[in-house]
Amino acid sequence: MAQIKNIGLFTSGGDAPGMNAAIRAVVRTALFHDLKVTGIRRGFEGMISGDFYEMNRKSVSNIIQRGGTILKTARSAQFRRPEGRQAAYEQIKKFNVDALIAIGGDGTFRGVKTLGDEFNIPIIGLPGTIDNDLKGTDFTIGYDTAINTVINAVDKIRDTAESHDRLFIIEVMGRDSGMIALRTGIAAGAEGILIPESKFNVERLFDRLENGRKDKTSRIVIVGEGEGEESKAFEIGAQVKEKFPHLDTRVSILGHIQRGGKPTCMDRVLASRVGVAAVEALLAGYRGEMVGLLNDEIAFTPFEHAAKHNTDIDPNMLRLVEMLSL
Ligand code: F6P
């Protein structure tokens with residue numbers, strides 16, 4: 001096995017608070033072990049165009065508390081094509097990079113799995129996405145910050161909902177995953193949660209609105225965004241308005257505010273732990289795996305498994321919402 005001397009580091013897919021803390025941990029751990037780190041800007045796009053630069057101790061100072069990613073990020077269509085990956089490999093060789101650490105979500109891991117297999121490059125991944133939809137880690141970097149951003153926003157909406165006696169349908173991020181909706185719904189005391197994993201069960205919501213307590217002054221329903229182009233929240237809002245015209249219903253989409261802001265302590269610590277483990281794993285000979293935390297212990301999961309959408313929604317969590325919002 002060739003010795004690793006120069007690690008290429010990049011972030012890819014949607015940014016997530018805590019990615020900077022992970023970048024810092026990787027750079028500082030690599031320097032501690034006398035390795036070089038080459039930063040690759042804008043994910044696979046920068047890998048293809050050769051946007052590489054040498055990172056040092058100072059390039060990661062004062063970033064642990066900052067949201068976003070100093071390496072920038074992108075979603076790359078070019079990289080899905082063999083010519084794109086070939087071009088990326090040429091740049092990797094040109095800059096003498098002999099291993100990669102990728103910080104991102106399921107799309108990133110599918111990309112690096114292919115690249116690693118095609119060109120025999122040692123690659124380790126870190127779970128960086130607000131969605132918390134990866135297998136092999138209890139939490140992804142950015143999720144804790146995002147759910148705290150959501151509950152702060154929902155608490156504010158509750159104030160106005162309560163003042164106007166309104167029902168609010170609030171859409172949160174998570175593409176095809178209801179993880180953000182589930183936890184924030186519980187934490188914000190929502191009256192209902194509609195998520196892709198339970199097929200946006202509107203009948204259940206209608207039943208509660210029809211037969212539940214009538215003296216409620218405000219109601220909050222959290223909706224996971226789902227995969228389609230059209231907003232799920234507006235679709236559900238229209239159905240609620242039609243069936244319950246006496247309810248004063250409003251729809252609110254929280255949007256990209258959920259991806260920004262200072263990472264929470266949880267996210268900074270998670271990012272730091274997995275960042276250190278990623279470098280040391282490469283040195284110990286690990287390849288093609290994501291480093292996560294399971295039951296508070298470092299755990300390794302092959303990319304192809306980690307990238308599988310985590311649909312393990314605990315039905316008890318959904319039940320809790322209904323019981324507690326009686
Ligand atoms: O993957 C993270 C995520 O924020 C999803 O929750 C959301 O569906 C998507 O990215 C939004 O992507 P974009 O940044 O392309 O609008």
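Everything numeric in this text was worked out from a predicted model, so none of it was measured. Every number for a ligand or one of its atoms is a count from 1 in the order of the listing. Atoms considered below: every heavy atom in the structure, side chains included; atoms not considered: hydrogens, waters and symmetry mates.
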Handout entry: Side chain to side chain, Glu242 and Gln239, heavy atoms closer than 4.5 Å
Key = no
Exercise for the section: Using distance alone, with no hydrogens and no angle criterion, decide if Thr264 and Asp144 have a side-chain donor and acceptor under 3.5 Å apart. Expected result: yes
Exercise for the section: Indicate whether any N or O donor in one side chain lies under 3.5 Å from an N or O acceptor in the other, for Glu191 and Ser325. Expected result: no
Practice task
Answer whether the closest heavy-atom distance between the side chains of Arg183 and Ile186 falls below 4.5 Å.
Solution key: no
Handout entry: Under the salt bridge (Lys or Arg N to Asp or Glu O under 4.0 Å) test, residues paired with Asp165 that sit two or more places apart
Key = none
Fill in the blank from the handout: Ordered by chain then number, the protein residues lying under 4.0 Å from ligand 1 by heavy atom are Arg75, Ile130, Asp131, Met173, Gly174, Arg175, Glu225, His256, Arg259
Handout entry: Donor-acceptor side-chain pairing of Thr145 and Asp267 below 3.5 angstrom
Key = yes
